[in-house]
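Structure record follows, encoded as structure tokens.
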Amino acid sequence: MVRKLGLIFTLVLVATVICSSNYLQSMAVIEVRKKYEAWLLTIPGVVGVSATPHEIIVYVESEQVIPRLPKQLEGVPVVPRVVGKIVLV
């Protein structure tokens with residue numbers, strides 16, 4: 001019985017550490033996005049910026065903009081998404 005409780009405690013502890021690590025990684029990505037978002041939006045053809053827990057997504061008008069983007073920012077991958085020109089109506 002004590003052995004099973006020890007195993008359960010270990011599994012819960014490992015799951016907690018993994019979840020905490022993922023949470024901290026997501027927060028780090030969000031902080032990097034916040035730090036560079038205004039700068040990225042000054043690049044001609046960039047129309048938006050967002051983030052997932054693992055990467056920064058930069059929305060661009062065309063594939064010609066992609067070479068102007070960094071591959072990563074502070075170790076966080078930058079992933080371009082071609083969305084075309086955005087027009088407000």
Side-chain angles (χ1 to χ4, degrees):
M1 180 70 167
V2 172
R3 207 169 207 191
K4 285 184 180 179
L5 287 175
L7 178 60
I8 291 170
F9 175 75
T10 302
L11 292 173
V12 169
L13 182 62
V14 168
T16 302
V17 169
I18 289 171
C19 289
S20 295
S21 174
N22 288 341
Y23 174 76
L24 293 175
Q25 181 181 4
S26 325
M27 293 307 295
V29 171
I30 290 169
E31 290 303 314
V32 173
R33 180 194 53 83
K34 286 179 182 177
K35 183 175 178 181
Y36 291 98
E37 184 171 15
W39 173 74
L40 287 165
L41 289 169
T42 65
I43 299 171
V46 171
V47 295
V49 179
S50 69
T52 71
H54 308 288
E55 62 195 14
I56 296 170
I57 301 171
V58 180
Y59 302 97
V60 297
E61 291 180 352
S62 69
E63 290 187 11
Q64 287 77 17
V65 180
I66 295 173
R68 297 186 216 145
L69 302 177
K71 300 283 186 223
Q72 61 179 339
L73 293 167
E74 296 187 25
V76 178
V78 173
V79 179
R81 296 274 191 265
V82 178
V83 295
K85 188 169 181 137
I86 296 178
V87 179
L88 298 175
V89 289

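All residue numbers in this chain count up from 1 along the given sequence. For the numbers below, each heavy atom of this structure counts, side chains included, while hydrogens, waters and symmetry mates do not.
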Step-by-step side-chain contact (heavy atoms from CB on, under 4.5 Å) determination, E74 to K35: CA-CA 10 Å; E74 296 187 25; K35 183 175 178 181; 2.7 Å; yes
I57 backbone acceptor or donor facing R81 side chain under 3.5 Å: no
Shortest non-hydrogen separation from Y59 to V83 and the atoms involved: CD2-CG1, 3.7 Å
Heavy-atom closest contact (V32 atom, L73 atom, distance): CG1-O, 3.6 Å
Contact check, side chains of V58 and V65, non-hydrogen atoms, under 4.5 Å: no
Nearest non-hydrogen partners of H54 and V76, listed with the distance: O-CG1, 4.3 Å
Atom of V47, atom of G84 and distance for their closest heavy-atom approach: CG2-O, 4.3 Å
Minimum-distance pair of heavy atoms, taken over all atoms of E63 and V82: CG-CG2, 3.8 Å
Reported CG-to-OG1 distance for the pair L40 and T42, which is rounded to 0.5 angstrom: 7.5 Å
hydrophobic_cluster_shared for L69 and V79, side chain cutoff 4.5 Å: no
Closest non-hydrogen atom pair between P53 and V29, with its separation: O-CG2, 3.3 Å
